[in-house]
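Here is the structure we will look at, set down as structure tokens.
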Protein chains: 2
Amino acid sequence: MTTDPATDDRSPSAPTRPSAATLRDVAEAAGVSKASASRALDPASQYVSSSTRARVLDAAERLGYRPNASARATTTGATAMVAVLVSDIRDPYNAEIVHGVIEQAGVSGLVATFAGTDHAIDDEIRVVRMMRSLRPHAMILTGTRSGSTVSRTSLEAELERYTQEGGRVVVAGDDELPFDTVVVPRRRGASALVAELFRLGYRSPALIRPDRDSAAARQWEDGVLEAADRLGMRIERGDTVRAPMTRDGGYDAAARLLARRPEHLDVVLAATDAMAIGAMTAMRDAGLAPGAGIGVAGFDDVVGAEDVTPDLTSVDLALARVGAAAVELALTGPGDHRRIEFEPRVVVRGTTPARLG
Amino acid sequence: MTTDPATDDRSPSAPTRPSAATLRDVAEAAGVSKASASRALDPASQYVSSSTRARVLDAAERLGYRPNASARATTTGATAMVAVLVSDIRDPYNAEIVHGVIEQAGVSGLVATFAGTDHAIDDEIRVVRMMRSLRPHAMILTGTRSGSTVSRTSLEAELERYTQEGGRVVVAGDDELPFDTVVVPRRRGASALVAELFRLGYRSPALIRPDRDSAAARQWEDGVLEAADRLGMRIERGDTVRAPMTRDGGYDAAARLLARRPEHLDVVLAATDAMAIGAMTAMRDAGLAPGAGIGVAGFDDVVGAEDVTPDLTSVDLALARVGAAAVELALTGPGDHRRIEFEPRVVVRGTTPARLG
DNA sequence: CTGAAAGCGCTTACAG
DNA sequence: CTGAAAGCGCTTACAG
């Protein structure tokens, strides 16, 4: 990062705006001082007579007055704003978290501001610098990031600087930065899924996992294996197959699995719902009814698990709650690398009926 | 809307922040006046000696100085910010537009702020009021909205008020509000698709459309019918079927179509890519190879059209460009209900090879 | 090229 | 309960 402080980001062409109504306008219209008007407009202030308040509110309403948030912020030093750094808003996982952030910010009286970081730590550093200007109450980092160790250190330093100015940093995702974190419970969710399937009578899972490595894929697989191991379920060498992380990838993977006529299998676990749905089709094409002979379960439950027949067992990671919790964490004072992890919800549906005996 | 102006949204618990470095700090560290420091930090200002500038930049760097955007905004009256009102960020269409907004805002030196409106006009009104406090350079409205005529009038009034304060309003979506609009070219895209298929030799389309009515579905169907009509393609009564807007919906719809053994059909048009992909599976299950016998085309090209085999012909609506254009429109001075509509891009792929004769 | 001063729209002790 | 005044961190004429 060679962000020269000279590169000041002053607004390019500040056009002289026609004036919006101002506190002074309201005060004059109501025939009181600015101080009184300010107090009357503050619902928390008790030092106003009700008649003054009424006249001020009336004037404000008439003038369409909206307080100038910037002026207020320079006066109080605080901005009712939370800045969200998101790697890619188009990713449905991020979108879900962001949705939770927006919702919770709304109820907490905060405005949410976003910037894209494109998964690159160097972009994040740039964005943190830019956002620091806004003096937001907190910054929330979402999604994944990659970059050199040097970059990572710079990012931490920049964020550290921000916290020293009184800002709050919260990570929503993986626990990989030394700040308060709301962990997306992938690993735990995968474990819980396997445990639930065990309870339902399943003993021999096959795994369909993405061919490209990622933290998410790894966490899913770790969670599955951990639970399987703990419960004494055996997963044979050849029962894990890799494929592109799409519906068709799931189809191919399942077709390969089934071609081996693996009589011992009783359930197929896929790392995403899309892959699981593809696997269901492959099973049908092989003459098997998903759920009747072999069970199927997906993961993440972001899209479409309920739209298929039978509907697909999956794991709800409560991503919107993750986003909301990140805002709440930011609001509950500075913490020293606190860590929140929700219980993921295993959603048992038609593809994994209870197995007899 | 009975938003009482009394309901002031002052920050709940303004915590006293440890101080961030201030212009005064930088000036003192550099041994110059605040005025000189300010000028040195402004890359556009020429009224600084290079030695002063160097000392100031050095001091700023050392102190990790970031200008206080709020203070700047109260001084200049303008905020380098664009506010985006989005019905639901989880909708991939909106996410794509929002992505474009974020990108373009970044290159234009603007910060993008978001609020969710949940498709409800009354929510939009509330959000516009709230956002007005931020004095953003522009507000961009994305997604769909519904509400009473009264609400709609109130929304227009509230937006009108905002423009009178110097704010810019841009709509990204349907042209249904009296402000500058970047139109999502659904209708035009559907027409272009049909025209291209005609050129490829297709003459008898069947239509798979969502069973629930929506503006998007209507625009798609209107576009298809308009072009078909113009080109003399006939669409028979029974060749339009309705189904849920999912992959399985598309499967069912296509199955129903094919059950009638409609020898005259040469291409199936679906209102979304997901439905088209489902239809492809149905065709295969009926012993037909998509593209070989009957062609298939989807719409919107948001997700997965390239992941299937053969890959799916679709229409790229350039949604990210729509978002970017909205920002640019907001930056090019006030307009009187200007209207921009991009040429959608028909993406011909494997499911619609040229037909001979 | 530089600095002292005024002003942006607020809020908040401080005296009444 | 109310108002005059100071101050938040900037920018920008205005004089040098």
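First the proteins, then the strands, lettered A, B, ... as listed; each starts at 1. Computed from a predicted model, the values in this text were never measured in an experiment.
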Ignoring hydrogens and geometry, is there a side-chain-to-backbone donor-acceptor pair from Asp180(B) to His337(B) under 3.5 Å? yes
Apply salt bridge (Lys or Arg N to Asp or Glu O under 4.0 Å) to Asp174(A) and list each qualifying residue two or more places apart in sequence or on a separate chain. none
Taking only side-chain N and O atoms of Tyr65(A), does any of them lie within less than 4.0 angstrom of OP1 or OP2 on dC10(C)? yes
Quick one: Arg66(A) CZ to dG9(C) P, roughly how many Å, whole number? 17 Å
Mind checking the C1' distance from dG16(D) to dT12(D)? Whole angstroms is fine. 16 Å
Determine whether a donor-acceptor pair (one donor, one acceptor, N or O, separation below 3.5 Å) exists between the side chain of Thr74(A) and the base of dG9(C). yes
Side-chain donor or acceptor of Ser70(B) under 3.5 Å from a matching atom on the base of dG9(D)? no
Can you find an N or O donor on one side and an acceptor on the other, under 3.5 Å apart, linking the side chain of Arg39(B) with the base of dG3(C)? yes
Length of the line joining Leu41(B):CG and dC10(D):C1', which is rounded to integer Å: 11 Å
Evaluate the side-chain hydrogen bond (donor to acceptor under 3.5 Å, both in side chains) criterion for residues Thr52(A) and Ser49(A): first the C-alpha distance (whole Å), next the side-chain angles of each, then the deciding distance (0.1 Å), finally the verdict. CA-CA 5 Å; Thr52(A) 298; Ser49(A) 69; 2.8 Å; yes
Dot-bracket summary - DNA chain C, pairs being Watson-Crick or G-U whose distances fall under 3.5 Å, with | when paired to another strand: |||.||||||||.|||
With hydrogens left out and only the distance checked, is there a donor-acceptor pair under 3.5 Å joining Thr75(B)'s side chain and the base of dG9(D)? yes
Measure from OH on Tyr47(A) to P on dA15(C) and round the result to the nearest Å. 16 Å
Does Ala44(A) offer a backbone N or O that forms a donor-acceptor pair with the side chain of Asp42(A) under 3.5 Å? yes
Atom CD of Glu28(A) and atom C1' of dG3(D): how far apart are they, to the nearest Å? 14 Å
Results of side chain to side chain donor-acceptor pair (under 3.5 Å) for Thr113(B) - residues two or more places apart only: Thr113(A)
Side-chain atoms of Asn68(B) come closest, of dG3(C), dC10(D), dC1(C), to dC10(D)
Between Asp25(B) (CG) and dC10(D) (P), how many Å, whole number? 8 Å
Which whole number of Å gives the distance between the P atom of dA15(D) and that of dT11(D)? 22 Å
Taking only side-chain nitrogens and oxygens of Ser33(A), does any of them come within less than 4.0 Å of OP1 or OP2 of dT2(D)? no
Considering only heavy side-chain atoms of Ser49(A), the closest of dC10(D), dG9(C), dT2(D) is dT2(D)
With respect to the phosphate group of dC10(D), does any side-chain polar atom (N or O) of Thr76(B) fall under 4.0 Å of OP1 or OP2? no
Find the distance Glu165(A):CD to dG9(D):P and express it as a whole number of Å. 12 Å
Hits for salt bridge (Lys or Arg N to Asp or Glu O under 4.0 Å) against Arg161(A), two or more places apart or cross-chain, chain-then-number order -> none
Within residues 21-34 of chain A or reaching into it, pairs that qualify as side-chain hydrogen bond (donor to acceptor under 3.5 Å, both in side chains) - sequence neighbours excluded: Ser33(A)-Ser36(A)
If you pin Ala35(A) and Thr22(B) to their nearest nucleotides in DNA chain D, which one's is more 5'? Ala35(A)
What is the distance, to the nearest angstrom, from the CZ atom on Arg72(B) to the C1' atom on dG7(C)? 17 Å
Assign each of Ala71(B) and Val48(B) the nucleotide of DNA chain C bearing its closest heavy atom; nearer the 5' end lies the nucleotide of Val48(B)
Phe114(A): what forms a ring-ring contact (aromatic ring centres under 6.0 Å, His included) with it, not counting sequence neighbours? Phe114(B)
Please state how far atom CZ in Arg55(B) lies from atom C1' in dT2(C), giving the value in whole angstrom units. 11 Å
Reading DNA chain D from 5' onward, which residue's closest nucleotide shows up sooner: Thr52(A) or Arg24(B)? Thr52(A)
